[in-house]
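Because the structure is a prediction, the values reported are computed rather than measured.
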Protein chains: 2
Amino acid sequence: MQTSEAHETRPTLAQVARAAGVSEITASRALRGGARVARDTLERVQEAARRLNYVPNRLAGALAGGQSRQVAVVLPSLSNSVFADVLKGLETRLEQAGHHLILGVSNYDPQREERLIAELLTWRPAGLVLAPANSTELTRQRLATADLPVAEIMDIDRPAIDLSVGLSHRGAGRAMAHYLLGRGYRRLAYLGHDITTDPRAVARRQGFEDGLAEAGVALEAALLMPGPSSVTLGSQGTARLLGGCPPGGLAVYCSNDDVAVGAFFHALSQGLSVPGDLALAGFNGLAIGQALPQPLTTIESRRERIGEHAAAGLLARMRGETVQPVDDVGFRLITGATA
Amino acid sequence: MQTSEAHETRPTLAQVARAAGVSEITASRALRGGARVARDTLERVQEAARRLNYVPNRLAGALAGGQSRQVAVVLPSLSNSVFADVLKGLETRLEQAGHHLILGVSNYDPQREERLIAELLTWRPAGLVLAPANSTELTRQRLATADLPVAEIMDIDRPAIDLSVGLSHRGAGRAMAHYLLGRGYRRLAYLGHDITTDPRAVARRQGFEDGLAEAGVALEAALLMPGPSSVTLGSQGTARLLGGCPPGGLAVYCSNDDVAVGAFFHALSQGLSVPGDLALAGFNGLAIGQALPQPLTTIESRRERIGEHAAAGLLARMRGETVQPVDDVGFRLITGATA
DNA sequence: GCAAATCATGACAGCGCTGTCAACAGTTTT
DNA sequence: AAAACTGTTGACAGCGCTGTCATGATTTGC
């Protein structure tokens, strides 16, 4: 706790101020934009800071000023490139506004998510971004009283605590149903991954079935594979699905692009023609799907934009502006060659 | 700056202490593990904290204690799943040790990387993780004096500032050369992406050529495509490469799995047999490569382990232990069906 | 039974910065 | 010429917590 005068110590604002011959507070103002500081004083201070190699201590700044310029982000996973994209969008916008990201990954575990939120809150972030795996009631309560802007991202189908940025997965499912029906498919199946962790996938399937129902069509088959979505899961699932449900004009709506790509690979290795024998549709619009020999029919989910919008919403809230609670970034159906 | 006694204010340690009938410092000790605190006092304090819904303020804690329990991470990209994997490993280990991650993404831009490091350092992190795009001399200097543990990750081929965690990309390239030669391939080509941003890819290619040279073999062709690696780039690059360099026993070493998968797709759409007409090898061991109808021959890069080891190394350094400066996590050649 | 060691607790100061309010010079307004 | 600004600066206190050292209460050793 001693303030050694050895020059090893990182220079503090006080030292910069002394070097520039001004008071601490003037130095502080000069280094933060320079409002209400004479031009030459400003330059003198900046000069001194540069010379001493001054690195401000934002911990102290945040503590004194009561606002931290850090934004906490809790995501369920990073393996899924979807969240990496969102994170990218968030980082870009926030960094640009002088904020920094504290990251937590919940692994789709509500317990862990809850703990992470609580821990990240100890840093007194200026905002919070959540892609809820399955928000606990406790968490919702805590956040409601925590008095900081919260953006819940990915889907807008559920009621949000504060801000909600994403798209209607239900709507996306319906859109795909309409598209496939419009292309003349009447034999429809669903292939999904473990949905207990992925409420968005559930919503899409629901929307898909709704869309079919509107035309009086029912799913011919639905197969849920255990485990998180993956290409391998898609291949294996397709194999199983086709066991009880022969190809030949069958269209399979997959829970996402990874699964659909797997399905495509299975078709390939079995010599099934796509979409003749087996039509395929996914969700997300991942690059890999579009790079297949036949581009995948899917729905683009604009992940990076979700991140950017969430960041923008939080920043606006921090500035005290009122923001519309629901931000629908929409989606776009990509008419590929697989359905 | 006023301490309103309105109960809106977040409870502070002082309030918890008062509620528990102890001094602030005792409360502090009780809430941090409880060393040197009587058992019943400890329980009383924890009780009070729970009742008041106390959330510690780590900004204050870090400022007072002189150590922040945040670790700064600067990565060149998140689009590349490779870095997402590393990040995951880092997060897991650090979170487990009670540390949190502040994230910056440089987009492979050395300027931006430099600025990010400087900014993140203002949070007085306890450690720093870097996957250097191209460390500036200035940055190296600053970090050398910054007096905090720094882990440079991904490759161990270059001299590091402090800790180095990764694998020898040069070695990986050589290993693949040896493997392909061992399989009898004598017509070898290289297909890569824009290497100005990716020194690791350069090292692999170098190693590959070294490996060939040891057997007196030279590359028949090398094609560098502009832009970051992607599946599409792989397909297009392969098309171009095969223009001047006909298939038929040709083995193409791709700069990474994304490119190799693209190459595979190209072969598929052209009806080329793999590996008969065209053999393919990549790098990373991504799931997508292994899920292809024919699993990709590649080298597994253990990204998550790199993250975990980097975290462990930093944590050890924070505890004051001495750590070996270079941590080689190794790699593993995956004998797929494409070469 | 008394010195020495151990345990539990607290007073105090300080981490490095910023908000608030006041002061003072130089300008403009009336 | 007085009043009212405007622009620039600083003194002061305090953000919420922890390290250090000191204190009294207990236990231990011989």
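- Close to dG16(D), at under 4.0 Å from its OP1 or OP2, lies no side-chain N or O of T12(B).
- The distance from atom CZ of R44(A) to atom C1' of dT9(D) is 11 Å, rounded to the nearest whole Å.
- The phosphate of dT9(C) (OP1 or OP2) has no side-chain N or O of S23(B) nearer than 4.0 angstrom.
- In the set dG16(D), dG7(D), dC15(D), the nucleotide with an atom closest to the side chain of R36(A) is dG7(D).
- For R10(B) and dG16(D), the CZ to P distance is 11 Å, given to the nearest whole Å.
- Classification of E95(A) and R115(B) as a salt-bridged pair holds, one side-chain N sitting under 4.0 Å from a carboxylate O.
- Panel note: side chain E152(B), backbone I161(B); a donor-acceptor pair is recorded below 3.5 Å.
- Between the side chain of R58(A) and the backbone N or O of W123(B), no donor-acceptor pair lies under 3.5 Å.
- Here dG16(D) is the nucleotide among dG16(D), dT8(D), dG19(D) with the atom lying nearest to any side-chain atom of N57(B).
- Put simply, CG on L13(A) is 14 Å from P on dA11(D), counting in whole angstrom units.
- Counting only distance, with no hydrogens or angles, the side chain of R303(B) and the backbone of A84(B) share no donor-acceptor pair below 3.5 Å.
- In the interface, the side chain of R124(B) is not paired with the base of dG16(C) through any donor and acceptor atom under 3.5 Å apart.
- In this structure, the CG atom of L31(B) is 13 Å from the C1' atom of dG16(D), given to the nearest Å.
- For A60(B) and G21(B), each mapped to the nucleotide of DNA chain C holding its nearest heavy atom, the one lying further toward the 5' end belongs to G21(B).
- For the OP1/OP2 pair of dT9(D) and a distance below 4.0 Å, the side-chain nitrogens and oxygens of T26(A) include no atom meeting the criterion.
- Contact between the side-chain N/O atoms of R32(B) and the OP1/OP2 oxygens of dT18(D) is found at a separation under 4.0 Å.
- Within 6.0 Å of the CD atom in E47(A), the count of heavy atoms belonging to other residues, nucleotides or ligands exceeds 12.
- Atom CD1 in I25(B) sits about 8 Å away from atom C1' in dC17(D), given to the nearest Å.
- For dG19(D), its base never sits under 3.5 Å from the side chain of R29(B) at any donor and acceptor pair.
- A sub-4.0 Å separation between OP1 or OP2 of dG16(D) and a side-chain N or O of Y54(B) is absent.
- Atom C1' of nucleotide dG16(D) and atom CD of Q67(A) are separated by 17 Å, given to the nearest angstrom.
- Comparing dT20(C), dG16(C), dG10(C) against the side chain of L63(A) picks out dG16(C) as the nearest.
- What separates CZ of R18(B) from C1' of dG16(D) is a distance of 13 Å, to the nearest Å.
- At dT9(D), one or more side-chain N or O atoms of T41(A) fall inside 4.0 Å of OP1 or OP2 (strictly under the cut-off).
- Nucleotide dT20(D) holds its C1' atom 16 Å from the CD atom of E24(B), rounded to whole Å.
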